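Take a look at the structure below.
In what follows, chains are A, B, ... by sequence order, proteins preceding strands, each numbered from 1. Just so it is clear, the structure is predicted and the values come from calculations on it, not from any experiment.
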Amino acid sequence: MDYNFIEIEKKWQQYWRDNKIYKVDIDHSKPKFYVLDMFPYPSGAGLHVGHPLGYIASDIYARYKRLKGFNVLHPMGYDAYGLPAEQYAIQTGTHPAVTTEKNINRYREQMDKIGFCYDWDREVRTCEPGYYKWTQWTFLQLFNSFYCNGCQKAQPISKLIARFEEKGTEGLNVAESKPLSFTAAEWKAMSEKEQQEVLMNYRLAYQAEAMVNWCPGLGTVLANDEVADGLSVRGGFPVERKSMKQWQLRITAYADRLLQGLETVDWSESVKDLQRNWIGKSMGASVIFKIEGKDIDLEVFTTRADTLFGTTFMVLAPEHELVSEITTPEQRAEVEEYITRTKNRSERERMAEVRKVSGAFTGAYGINPITGAKLPIWIADYVLMGYGTGAIMAVPAHDSRDFAFARHFNLPIIQVVKQPGTEPSDPATWEESFDAKDGELVNSGFLNGLPVKKAILRMIEELEKLGVGTGKTNYRLRDAIFSRQRYWGEPFPIYYKDGMPYAMDESKLPLELPAISEYKPTETGEPPLARAKNWVTEEGYPIETNTMPGFAGSSGYYFRYQDPHNDKEYFSREANDYWQNVDLYIGGAEHATGHLIYSRFWCKFLYDIGLSCKDEPFQRMINQGMIQGRSSFAYRVNMEKLCEYGVWNMIKDNKLGVKFEKDFKDGRRRFDFFCPEKGILIEINRMGNLEKVAEPWQEYAESKGYKLLMVPIIDVVNDYEKGTNVVEQKIKDLIAGKDVPAFVEGTPFTGAMFVSKNLPDRELFSDPIHVDINMVRNDVLDVEAFRQWRDDLHDARFIFEKDKDGNDVFVCGSEVEKMSKSKYNVQNPDDLVEKYGADTLRLYEMFLGPLEQSKPWDTQGIEGTFRFVRKFWRLFHNENNEFCVSDEPATAPELKSLHKLIKKEEDGIESISFNTVVSAFMICVNELADLKCNKREILEPLTIMLSPYAPHIAEELWHLLGHDTSVVNASFPVYDESKTMENSFNYPVSFNGKMRFNMELPVTMNADEVQAAVLAAPESAKWIEGKQIRKVIFVPKKIVNIVVG
RNA sequence: GCGGGUGUGGCGGAAUUGGUAGACGCGCUAGACUUAGGAUCUAGUUUCUCACGAAGUAAGGGUUCGAGUCCCUUCAUCCGCACCA
């Protein structure tokens, strides 16, 4: 009939493509704006309605900015490396590039249907050599750099070598794996291999042994954020801790800058907090303890140096290198047993036993550097090797874990901090430790009386004076493991000479991924690349067989969009000077500790080496919420329960004149119901079950003189469905003393039965099962569709309820859950585009609620937005669907409606509150429809304003309005406040703060005039009567409040 | 345990930042038009009350002429992190 979205959308998508409407280039006459979506990994499943949510939001923002005169960079591409395609390759032999290409095409097809304004000429894919050349290049720069702590900046490794040649490590202040000490002469005396080993200690990309998350099921290591609950996030295989030689990125060198930088970006507090937490900066002290009878220093890290007087024992991580050295012969067996036990425990088991206290005594003692006290040294797995020094001084009085440990092993507890104004008490009486971070020191010599914060500083001072400790900052952040034992990733431009890794020359880039015969690890456990033929350099040196992890390619992709076809450099100076960094980044918060931290590191490094002009990649970030599914349920009847329920309802409360009881037991026999008065036993069960017990039970009943009735469930069901009362009649007959056969065989009941949601006591005899939401409308199930859905449901039976018109209906229950295939609640955007059009889908996704919140998808709700779009269309058309727009000047109410909307839209888009803008559109169109407005002066700006949300219909109407250029290049209308002004205001009049009536008054009236007018109003009399007017509050154009009393 | 978010009709959610609570949409109710309605249009729809009116933004308290909004206490719920010394 009217608005033909299928044709319109196809036509304009074609037009945009043919005319490259969304292609952008550097244009110094306009300010730039960079809007970016998080890099998608194209999975095989395609998109559901939750995925495009962020893309639609960014698209609207990009289009809006463009209408506002900005040159907007809005690109899209693919994070193409990923485990699923590789797993599929291992299983089927299909090259991951093939799978990936297929998935990308599907993604693209779905995205095109929604009408996004991406500049597809800038598309990048991480798996293409032209792209990963620069991933490899960046790796080489990292390999050839070290981090200078003094200047807080990455520097070329050549500078470090020059320094070593001049004065060795003297006065060196750089990021390092472990402190080394050598002179210039010693450095020069080293062999090349030794020098290379030393340099590994400083490179920003380096190779070292590391405890990794090894996943045997996948044959690779995983990053921390790829592991959850000791299982791999993808695939759910067990993960174990293992020490392996791995490439790593020295991201810890940037810990402080990563923390500082958070202050300069406009991100949600929660994501910033997540990152702060992940970086985990804690300031404290390193303290050296001597070991009794040995010349060994044991270094610990503590944030509570003030509690040094209260330390009563020490604990090492079981893997600590000093353990075997200090363990006494008597304790060796126990210690070794403990180490084996903890080592063999998987990560999963270890986490499950978090609260279990365990440990072993080494027999050695540490000496408190301040008090000289002897402290027994234990090992326990509550101390982690990876944090601090892997050793702690335990202060049981003021740390809950130490407290639990001391209690368990009967170690002394000394209180050294008390709550101000209280007296110290005997820790033996405590139920938990006193962990308070504000308090006053006691039992602590020179610290007595000091508050905690001052005591910490005072103690550090003392430690430094005595040369037994220093103030120190510790980070929880670990260096990022950068190698994967996988095929589908970027090869490292690294070869091995004499067992030592060397960087390839940049001229050899890109180092392309070779073809291999099979995608799994070799029989000897080497990575798949070891299968590649001739995987050696021209000189014959073997090339690295690990590949880079997923985050390698996604850490700097936003740079490449700025200059995607440059084969001379990563991106040009000119491009970066113009586009700079991302102004608005939209994506999920789940990347907080992965992608978003690696990208920041990547960017800071490129900033250090002079490539990037900004040191933060994403200025403003919005994290869209999840769209949840709304699942529907049918209630599957548990037949036995249902029948028991039905019969019980029939006989309970003396309904048939005699009393029955439930669950009668005699020995091992159990009957559903029993009537002592008449000696009637009733059992309801499946036919088969009754057959088995029929004989012995009849004998039993006879022996006791009882009458027995065995009811097959089919009988009860028949009564239900046919409205007969066969079962009831039998019971009545029994009560009346008639003889009724105990058991009549019939056709056994087969098939499933379902009960409508609102039937009484439904929950007593049914369990919900998911049904496909496409078979449900307004919670009513399409019973026929349901029967056809699955083979086992063909002869399903239903217990219906009546709707208001007395028809039988089957009502489903519902629940909000994650959208997933297995819950049959997935909404596919393609279906919706087909049914309502992309414009309606875009509007509805935005209308659903605030972008950042998760919200359920309401299948019906889209109808409302669809109605709006058609109403919008009708503003431009007459009853015969002929385009009909008038050139008459607009009236004041029409202009007011328009300008209210301009203001709303500007405010709404800037504050990412798209849902309110859609509402405002609806209000405006409702008003204009009421005014029967079809004036160009109103409709033309309105079309421009709608175009970010509904670009297709806007483009169509824009051309119908007589334009021959795209609406994308139009200008956003300018807000004119005077158009929304009125000369009177409908004041709400309140008495004591309660609104009583409205009163239309001129805005020019002053307070006194308003007061007079209001008090003179007839409605006021009732409220003033018998009371005194204490005060009148008048806020112009807001409210009048009269205080009476 | 720690950190962050969120609590408003049957539902999704508004409320110009301290000024008419429930905009807009779904659903629901009634009516119109229709052979029909899962189309369209009109009216109504926070709760209680016949009504006058009263109550009302998770609960309780406070500040204020006025509180969904600010402050304090409690509860619920979701999401992170979790032996981090």
Side-chain angles (χ1 to χ4, degrees), chain A residues 1 268-274 276-278 280-282 284 300-304 307 315 350-351 353-357 380-384 386-395 398-402 404-405 435 474-477 589-590 592-593 625-626 630 777-780 804 814 816 843-844 847-850 852-868 870 900 903-904 907 913 915-926 986-998 1022 1030-1035 1037-1045:
Chain A
M1 51 127 190
S268 76
E269 250 343 277
S270 68
V271 171
K272 287 202 217 176
D273 266 345
L274 235 50
R276 285 189 195 110
N277 198 286
W278 193 256
K281 181 176 184 173
S282 48
V300 305
F301 174 74
T302 177
T303 54
R304 294 294 301 272
T307 60
V315 188
R350 203 184 69 79
M351 286 201 283
E353 291 174 18
V354 159
R355 292 289 158 204
K356 266 196 195 161
V357 178
D381 66 354
Y382 84 90
V383 175
L384 306 176
Y387 186 76
T389 61
I392 63 157
M393 55 175 231
V395 185
H398 306 291
D399 179 287
S400 55
R401 294 149 307 168
D402 296 346
F405 195 81
D435 296 9
N474 223 329
Y475 295 92
R476 203 184 78 113
L477 186 71
E590 68 272 17
T593 54
M626 253 203 322
R630 185 174 181 278
R777 192 178 170 91
N778 288 358
D779 286 340
V780 173
K804 62 180 164 64
S814 69
V816 170
L843 281 161
Y844 183 55
F847 181 65
L848 222 43
E852 299 183 66
Q853 247 163 261
S854 16
K855 56 244 158 190
W857 181 266
D858 176 356
T859 327
Q860 245 76 65
I862 194 167
E863 305 267 356
T865 351
F866 190 46
R867 274 194 272 272
F868 157 75
R870 279 178 300 169
K900 267 191 334 200
K903 182 88 171 67
K904 263 278 191 208
D907 292 351
S913 148
N915 54 325
T916 60
V917 179
V918 181
S919 298
F921 267 117
M922 290 174 171
I923 293 168
C924 178
V925 168
N926 287 346
N986 194 19
Y987 281 97
V989 180
S990 314
F991 290 83
N992 291 341
K994 291 224 184 299
M995 212 284 283
R996 295 304 175 183
F997 60 89
N998 283 301
K1022 178 170 158 194
R1030 306 237 177 240
K1031 201 174 178 184
V1032 176
I1033 314 276
F1034 169 65
V1035 184
K1037 288 212 265 179
K1038 285 262 175 338
I1039 198 170
V1040 182
N1041 187 21
I1042 296 151
V1043 186
V1044 294

[X] side chain near [Y] side chain, heavy-atom distance below 4.5 Å:
X: F921(A); Y: T865(A); answer: no
X: M995(A); Y: I1039(A); answer: no
X: M393(A); Y: D402(A); answer: no
X: D399(A); Y: T307(A); answer: no
X: V1044(A); Y: N992(A); answer: yes
X: C924(A); Y: N926(A); answer: no

Next on the checklist: On RNA chain B, compare the nucleotides closest to D907(A) and N1041(A); which residue's is nearer the 5' end?
Outcome noted: D907(A)
Checklist entry - For G390(A) and S990(A), take the nucleotide of RNA chain B holding the closest heavy atom to each; which residue's nucleotide lies nearer the 5' end? => result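 Counting from the 5' end, the first nearest nucleotide belongs to S990(A).
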Describe the nucleic acid contact of [X] in one word from base, sugar-phosphate, nothing, applying a heavy-atom distance below 4.0 Å.
X: L274(A); value: sugar-phosphate
X: S919(A); value: base
X: V395(A); value: nothing
X: N474(A); value: nothing
X: V1035(A); value: base
X: E269(A); value: nothing
X: S268(A); value: nothing
X: K994(A); value: sugar-phosphate

Taking [atom1] from [X] and [atom2] from [N], how many angstroms apart are they, rounded to a whole number?
X: I923(A); N: G22(B); atom1: CD1; atom2: P; result: 13 Å
X: I862(A); N: C24(B); atom1: CD1; atom2: C1'; result: 16 Å
X: D858(A); N: G13(B); atom1: CG; atom2: P; result: 11 Å
X: M393(A); N: A85(B); atom1: CE; atom2: P; result: 12 Å
X: M995(A); N: G68(B); atom1: CE; atom2: P; result: 14 Å
X: R867(A); N: A39(B); atom1: CZ; atom2: P; result: 7 Å
X: K1038(A); N: G18(B); atom1: NZ; atom2: C1'; result: 10 Å
X: M922(A); N: C24(B); atom1: CE; atom2: C1'; result: 6 Å

Would you indicate, yes or no, if [N] has its OP1 or OP2 atom less than 4.0 angstrom from a side-chain nitrogen or oxygen of [X]?
X: N926(A); N: G25(B); value: yes
X: N915(A); N: A14(B); value: yes
X: R276(A); N: C2(B); value: no
X: R630(A); N: C11(B); value: no
X: R870(A); N: U40(B); value: yes

What nucleotide among [options] has an atom nearest to a side-chain atom of [X]?
X: Y387(A); options: G25(B), U20(B), A85(B); answer: A85(B)
X: T916(A); options: A54(B), A15(B), G12(B); answer: A15(B)
X: R996(A); options: G12(B), G4(B), A54(B); answer: A54(B)

Item to check | Syn/anti label of G44(B) as read from its glycosidic torsion, with the cut at 90° from 0 | outcome: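 Classified anti.
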Checklist entry - Which label fits U29(B), syn or anti, where anti is any glycosidic angle not within 90° of 0? => result anti
Checklist outcome for this item: Between V383(A) and G390(A) the two heavy atoms that sit nearest each other are CG1-O, 3.5 Å
Is there a Watson-Crick or G-U wobble partner for [N] with both distances under 3.5 Å, and which nucleotide is it?
N: A43(B); answer: U29(B)
N: C52(B); answer: none
N: G66(B); answer: none
N: G38(B); answer: none
N: C83(B); answer: none
N: C75(B); answer: G7(B)

Inter-nucleotide [atom1] distance ([N], [M]), Å rounded:
N: U69(B); M: G37(B); atom1: C1'; value: 45 Å
N: U47(B); M: C41(B); atom1: P; value: 25 Å
N: G31(B); M: C11(B); atom1: C1'; value: 25 Å
N: U77(B); M: C26(B); atom1: C1'; value: 24 Å
N: U46(B); M: G9(B); atom1: P; value: 13 Å
N: A43(B); M: C24(B); atom1: P; value: 12 Å
N: U17(B); M: G12(B); atom1: C1'; value: 23 Å
N: A85(B); M: C75(B); atom1: C1'; value: 34 Å

Next on the checklist: Once you measure the plane-to-plane angle for Y387(A) and F301(A), does it fall in the parallel (<30°), tilted (30-60°) or perpendicular (>60°) bin?
Outcome noted: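 Ring orientation of Y387(A) relative to F301(A): perpendicular.
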Checklist entry - On the ring face of W857(A), is R630(A) found with NZ or CZ under 6.0 Å from the centre and within 45° of the axis? => result no
